There are 2 protein chains.
Amino acid sequence: MENNIYMDTAKLFKVLSDPVRLQIVDLISCREMCACEILEYLSITQSTLSHHMKVLKECGLVNSRKDATWMNYSLNSDFVIEFKTTLDKITSDTEECLCKKKIKV
Amino acid sequence: MENNIYMDTAKLFKVLSDPVRLQIVDLISCREMCACEILEYLSITQSTLSHHMKVLKECGLVNSRKDATWMNYSLNSDFVIEFKTTLDKITSDTEECLCKKKIKV
DNA sequence: AAAATACATTCATGTTTGTCAATATTTATA
DNA sequence: TATAAATATTGACAAACATGAATGTATTTT
């Protein structure tokens, strides 16, 4: 409720908790790709890919750019950096802690 | 199937895709804590916490050490580092890519 | 031995989600 | 305009999961 930093971060982890979406992120991390090219690397239907791209876009991880009939997707690098920073804060004791635990160390 | 690196990583993301488990990781990232102390910070039942700790332990993220009636939990730092390395590989174009995408750049 | 404390397990339930088939929409081409 | 190609949306369903109540187990204390 009050600590929605955990809820927000959990949603991002949920987006990445699918092997197909991880492979998609891996694919477009080097360069922009249209959906039909991404589809060539995967063994899923076109509608399933479209669903995954929607999920990846809606959370902010992926950018999209329309070019005629093609929809080009690329990784939002700034978003990835921010996500990794949050992960560092949650897992490290050198960063500023999100909870009040340091008081009792 | 053949690329179970994505499946393995997805399972870890799934473990972290829960706000309660994220808060638990945040809590024990500074120091070891017993279950009853962790429970004080959360608004869940004891059985639910036990379930979460089992999930965190089984994937390797959390270590446990029994002391009399207390079960002490701590974060497996090496595991966290390895996990972050995998995340870097998937999201970065400077690391060695997991897929064959670089060929076609 | 009995009571209390700390934690784990089992069971049941409502919710979320990944998937595909079918259909719709948009744009380019013939 | 008609057809084809690329992508999105809808609907349905099975599997996975988070949760709490009830119960079980282990250890300490009285």
Side-chain angles (χ1 to χ4, degrees), chain A residues 1 3-4 6-28 31-59 61-74, chain B residues 1 3-28 31-74:
Chain A
M1 317 285 200
N3 274 334
N4 42 21
Y6 299 118
M7 295 188 65
D8 293 344
T9 309
K11 284 178 187 169
L12 293 178
F13 274 109
K14 191 140 221 162
V15 169
L16 291 171
S17 72
D18 183 276
V20 174
R21 285 199 286 267
L22 280 182
Q23 190 169 0
I24 293 170
V25 168
D26 194 21
L27 281 166
I28 65 176
R31 62 172 172 85
E32 197 182 55
M33 278 190 187
C34 70
C36 61
E37 185 178 359
I38 297 173
L39 194 57
E40 292 176 4
Y41 292 94
L42 309 172
S43 45
I44 55 175
T45 63
Q46 179 268 323
S47 67
T48 300
L49 174 63
S50 186
H51 165 67
H52 282 307
M53 298 318 298
K54 189 180 182 184
V55 172
L56 287 167
K57 265 180 60 182
E58 280 180 350
C59 80
L61 249 167
V62 164
N63 298 320
S64 64
R65 185 181 62 86
K66 190 163 192 178
D67 174 24
T69 47
W70 288 272
M71 188 65 93
N72 295 288
Y73 295 102
S74 59
Chain B
M1 317 287 196
N3 273 335
N4 43 20
I5 177 74
Y6 298 119
M7 296 188 65
D8 292 345
T9 310
K11 283 179 186 169
L12 292 179
F13 273 109
K14 192 140 220 162
V15 169
L16 291 170
S17 71
D18 184 277
V20 174
R21 284 199 287 267
L22 281 182
Q23 189 169 1
I24 292 170
V25 168
D26 195 19
L27 281 166
I28 66 176
R31 63 173 173 84
E32 197 182 54
M33 277 189 187
C34 69
C36 62
E37 185 178 359
I38 297 173
L39 194 57
E40 291 176 5
Y41 292 93
L42 309 173
S43 45
I44 56 174
T45 63
Q46 179 267 323
S47 67
T48 299
L49 174 63
S50 186
H51 165 68
H52 282 307
M53 299 317 298
K54 189 181 182 183
V55 172
L56 287 167
K57 265 180 60 182
E58 281 180 348
C59 80
L61 249 168
V62 164
N63 298 320
S64 64
R65 183 181 62 84
K66 190 163 191 178
D67 174 24
T69 46
W70 288 271
M71 187 65 93
N72 295 288
Y73 295 102
S74 59

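These figures come from a predicted structure and were not determined experimentally. Numbers restart at 1 for each chain; the letters A, B, ... are given by sequence-line order, proteins then strands.
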Query raised in the report: Please walk me through it: do B/His51 and B/Val55 pass side-chain contact (heavy atoms from CB on, under 4.5 Å)?
Result: CA-CA 6 Å; B/His51 165 68; B/Val55 172; 3.8 Å; yes

Report task. Quick one: do B/Ile24 and B/Leu42 satisfy side-chain contact (heavy atoms from CB on, under 4.5 Å)? Show the steps, please. Result -> CA-CA 9 Å; B/Ile24 292 170; B/Leu42 309 173; 3.8 Å; yes

Query - Candidate pair A/Phe13 and B/Arg21, rule side-chain contact (heavy atoms from CB on, under 4.5 Å), full reasoning - result: CA-CA 11 Å; A/Phe13 274 109; B/Arg21 284 199 287 267; over 6 Å; no

Report task. Step by step, work out the side-chain contact (heavy atoms from CB on, under 4.5 Å) result for B/Glu58 and B/Lys54. Result -> CA-CA 6 Å; B/Glu58 281 180 348; B/Lys54 189 181 182 183; 3.3 Å; yes

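Between A/Leu42 atom CG and C/dT19 atom P the separation is 10 Å, expressed in whole Å. Put simply, CG on A/Asp67 is 13 Å from P on D/dA6, counting in whole angstrom units. Here the C1' atom of nucleotide D/dA6 and the CG atom of A/Leu49 are 11 Å apart, to the nearest Å. The NE2-C1' distance, from B/His52 to D/dC17, rounds to 10 Å in whole Å. Atom P of nucleotide C/dT26 and atom CG of A/Asn72 are separated by 19 Å, given to the nearest angstrom. Put simply, CE on B/Met53 is 16 Å from C1' on C/dT9, counting in whole angstrom units. Here D/dT23 presents its C1' atom at 18 Å from NE2 of B/His51, a figure rounded to the nearest Å. Residue A/Glu37 contributes atom CD, which lies 15 Å from atom C1' of D/dT7 at whole-angstrom precision.
In this structure, the side chain of B/Thr9 engages the main chain of B/Ile5 through a donor-acceptor pair within 3.5 Å. The backbone N or O of A/Lys14 sits less than 3.5 Å from a side-chain atom of A/Ser17, completing a donor-acceptor pair.
Going from atom OH of B/Tyr41 over to atom CD of B/Gln23 covers 10.0 Å, rounded to the nearest 0.5 Å. Note that CG of A/Leu56 and CG of A/Leu16 are 7.5 Å apart. Values are rounded to the nearest 0.5 Å.
Taking every heavy atom of residues 9-17 of chain B and every atom of DNA chain D, pairs under 4.0 Å involve B/Lys14, by number.
Results of the side chain to side chain contact (heavy atoms under 4.5 Å, CB included) test with B/Cys34 over B/Leu39, B/Asp67, B/Asn72 single out B/Asn72 as the only residue that passes.
In this structure, the nucleotide among C/dT26, D/dA18, D/dT28 sitting nearest to the side chain of B/Ala68 is D/dT28. Distance from the side chain of A/Ser50 is smallest for D/dA8 among the nucleotides D/dA8, C/dT9, C/dG18.
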N/O to N/O distances under 3.5 Å, protein versus nucleotides 21-23 of chain C:
{"from": "C/dA21", "atom 1": "N6", "to": "A/Ser47", "atom 2": "OG", "distance (Å)": "3.2"}

Sub-3.5 Å pairs of nitrogen or oxygen atoms, protein against nucleotides 1-6 of chain C:
{"from": "C/dA6", "atom 1": "O3'", "to": "B/Thr69", "atom 2": "O", "distance (Å)": "3.2"}

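Heavy atoms only, all atoms of each residue included: B/His52 and B/Asp18 are closest at CE1-OD1, 3.7 Å. The shortest heavy-atom contact between B/Ile38 and B/Met33 is CG1-CB, 3.7 Å. Considering all non-hydrogen atoms of both residues, A/Tyr6 and B/Pro19 come closest at CB-O, 3.6 Å.
Between D/dA6 and A/Tyr73, no contact under 4.0 Å exists linking OP1 or OP2 to a side-chain N or O.
Between A/Lys57 and B/Lys66, the residue anchored closer to the 5' end of DNA chain D is A/Lys57, taking for each the nucleotide with the nearest heavy atom.
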